[in-house]
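Below, chains carry the letters A, B, ... as their sequence lines are ordered, and counting in each starts from 1. Every heavy atom of this structure was used, including side-chain atoms; hydrogens, water molecules and symmetry mates were not.
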Number of protein chains: 2
Amino acid sequence: MDKQSQLAAFRKGITQFVTFSDTEWEIFSTYLSFSSLNKKEHFAVEGKVCDYMAFITRGAVRYYHIKDGQEITGYFSFENELMSAYKSFVKRTPNRNYIQALEETELVMISYQHLQQMLNHPLLALKMERFGRLIAEYYICCYEDRVTAFITQSPEERYTALEKTACDIFQRVPQHFIANFLGITPVSLSRIRKRTLLQH
Amino acid sequence: MDKQSQLAAFRKGITQFVTFSDTEWEIFSTYLSFSSLNKKEHFAVEGKVCDYMAFITRGAVRYYHIKDGQEITGYFSFENELMSAYKSFVKRTPNRNYIQALEETELVMISYQHLQQMLNHPLLALKMERFGRLIAEYYICCYEDRVTAFITQSPEERYTALEKTACDIFQRVPQHFIANFLGITPVSLSRIRKRTLLQH
DNA sequence: TGTAATCATTATCTTTTGTTAACGTTTTCT
DNA sequence: AGAAAACGTTAACAAAAGATAATGATTACA
């Protein structure tokens, strides 16, 4: 995808948070950069401070931890979504997990440094503060739902809910990653799938 | 506690996010109000839009859902912490859970309406946007850790971790609420406690 | 193209959790 | 002070999940 299309996709994708005037966008877009990830390439790794947040124009990534030498996938992001090792990015602390491309992935990126420059730019500051706030609020709402699911639902209920709200994910992501995401083992997810199939 | 002390506690408590000049604080504090909750009184209930966010100067609350007629406690907040049905408050949607005082609780409150006024107030806007952003970022980090715990740890590991990081919670909150918070049943938590005691 | 790696399923066994109920203790409230 | 409610523990059983290993099938890639 060419850069103009990527920029356009980005501009459209963030209208749920802020809309930039043409003048503002002209300034804003000078702070952006582009990058791409090959399949299995990492956007962020454990131990390093994450210096970028990115908008995915094409592709998909997974977030995973390593515990006792085992990879445990906690989340996914797809095209038209924002991605970052959020805590590391905003707090400037070493990241504690990995973000890896599941497919060929294209990104529009904002570096931490550029973000700070924009937050100090008289013509952008207020809008950027708001942008940051609304993004954060958006993700809080996602997290709220996710924690609620762990508290109030069984693994089977979480699986059924996921199948309802995002069944396309099963076509796109290996099942054992989804199992981790649901908080269970791949073997257990396979059993749940069989169980729920037989029920209908 | 008298209002001046409460205001002082609030001002101090939010220094981790923003520091107000005396002039700013004078304006800011005119938008605040005070309230208190008796034990078991609700700050937020299911189905209603939450109109306030609050700083707890004294006391404690629990957040709970009702599923199949059963209360399931998902979170707690204590003195010197901010509290709100966040998603409902920022999105103006009906709240999906309850927030109830565990003890006599005193609050400094900001109404949604007043917050909007401050966000439009020329002398406060930028700082309030930043305040909102930093609060949201703070809670995202909390949520990140919480979700990671559900993904990577067993119930027993979550219990042990909680005992290490916040063992005082067991003196203050009924154990069956903590069980819910850990994602297990009260019976199971009782067993885990016995098990881990015997191991040492 | 052919070999290796990845992946989902299944089976077996163990461990843990959920469910229900009972019991005694403590707390609450009138 | 006394009755009722709330609470933590324990027991017994059922259900579910974890661990490990084996088996095909598919995919990746050299």
Side-chain angles (χ1 to χ4, degrees), chain A residues 37-41 59-60 62 64-65 67-73 76 100-104 149-163 167 169-199, chain B residues 37-41 60 62 64-73 76 100-104 149-163 167 169-199:
Chain A
L37 300 169
N38 293 320
K39 186 171 180 173
K40 297 205 174 177
E41 199 176 334
R62 71 177 178 116
Y64 68 92
H65 286 79
K67 191 201 177 188
D68 306 330
Q70 281 228 319
E71 296 183 359
I72 301 179
T73 299
F76 310 98
Q100 185 189 49
L102 287 163
E103 318 165 355
E104 278 282 320
F150 279 113
I151 292 292
T152 65
Q153 297 184 314
S154 66
E156 181 171 328
E157 288 172 315
R158 290 199 294 276
Y159 163 73
T160 314
L162 182 66
E163 217 195 7
C167 71
I169 202 178
F170 293 93
Q171 268 71 61
R172 201 153 169 199
V173 174
Q175 190 173 304
H176 62 288
F177 292 155
I178 299 176
N180 294 162
F181 172 79
L182 293 170
I184 56 179
T185 61
V187 177
S188 188
L189 176 56
S190 183
R191 280 189 295 233
I192 287 174
R193 282 167 64 88
K194 188 180 183 185
R195 207 192 299 156
T196 52
L197 261 181
L198 295 177
Q199 284 165 14
Chain B
L37 300 169
N38 293 321
K39 186 170 180 173
K40 297 205 174 176
E41 198 175 337
R62 71 177 179 114
Y64 69 93
H65 291 258
I66 293 188
K67 192 201 176 189
D68 307 329
Q70 282 226 320
E71 296 183 0
I72 301 181
T73 299
F76 309 98
Q100 184 189 48
L102 288 163
E103 318 165 353
E104 277 282 321
F150 278 113
I151 293 292
T152 65
Q153 299 184 314
S154 66
E156 181 170 330
E157 289 171 313
R158 292 199 294 275
Y159 164 72
T160 314
L162 182 67
E163 215 195 9
C167 71
I169 203 178
F170 292 94
Q171 268 70 62
R172 200 152 170 199
V173 174
Q175 189 172 305
H176 63 287
F177 292 156
I178 298 176
N180 293 163
F181 172 78
L182 293 169
I184 56 179
T185 60
V187 177
S188 189
L189 176 55
S190 183
R191 280 188 296 232
I192 288 174
R193 281 167 65 88
K194 188 179 182 184
R195 207 191 301 156
T196 52
L197 260 180
L198 295 177
Q199 283 167 13

Roughly how far, to the nearest 0.5 Å, is OG1 of T196(A) from CD of E156(A)?
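The OG1 atom of T196(A) is 6.0 Å from CD of E156(A), to the nearest 0.5 Å.
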Using a 4.0 Å cut-off on protein heavy atoms (strictly under), produce a 5'-to-3' string for nucleotides 7-17 of chain C with B for base contact, S for backbone-only sugar-phosphate contact, and - for none.
SSSBBB----B
F177(A) vs L102(A), side chain to side chain contact (heavy atoms under 4.5 Å, CB included): CA-CA, chis, key distance, verdict:
CA-CA 11 Å; F177(A) 292 155; L102(A) 287 163; 3.8 Å; yes
Could you tell me whether F150(A) and F181(B) have their ring centroids closer than 6.0 angstrom?
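So the answer is no for these two rings.
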Expressed as a whole number of angstroms, how long is the span from [X]:[atom1] to [N]:[atom2]?
X: I72(B); N: dT19(C); atom1: CD1; atom2: C1'; answer: 14 Å
X: Y159(B); N: dG8(D); atom1: OH; atom2: C1'; answer: 13 Å
X: Q100(B); N: dA6(D); atom1: CD; atom2: C1'; answer: 13 Å
X: L102(B); N: dA6(D); atom1: CG; atom2: P; answer: 15 Å
X: R62(B); N: dA6(D); atom1: CZ; atom2: C1'; answer: 12 Å
X: L197(B); N: dT9(D); atom1: CG; atom2: P; answer: 9 Å

With the threshold set at 4.0 Å, does a side-chain nitrogen-carboxylate oxygen contact exist between K67(A) and E157(B)?
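Yes, K67(A) and E157(B) are salt-bridged.
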Within the 4.0 Å heavy-atom criterion, would you say K40(A) contacts the bases, only the backbone, or no part of the nucleic acid?
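K40(A): no heavy atom of the nucleic acid under 4.0 Å.
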Just one of R172(B), K39(B), K40(B) clears the side-chain hydrogen bond (donor to acceptor under 3.5 Å, both in side chains) bar with E103(B), so which one?
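Exactly one candidate clears the test, R172(B).
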Does F76(A) have R62(A) sitting over its ring (NZ/CZ under 6.0 Å from centre, angle to axis within 45°)?
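The answer is no; the distance or angle limit is not met.
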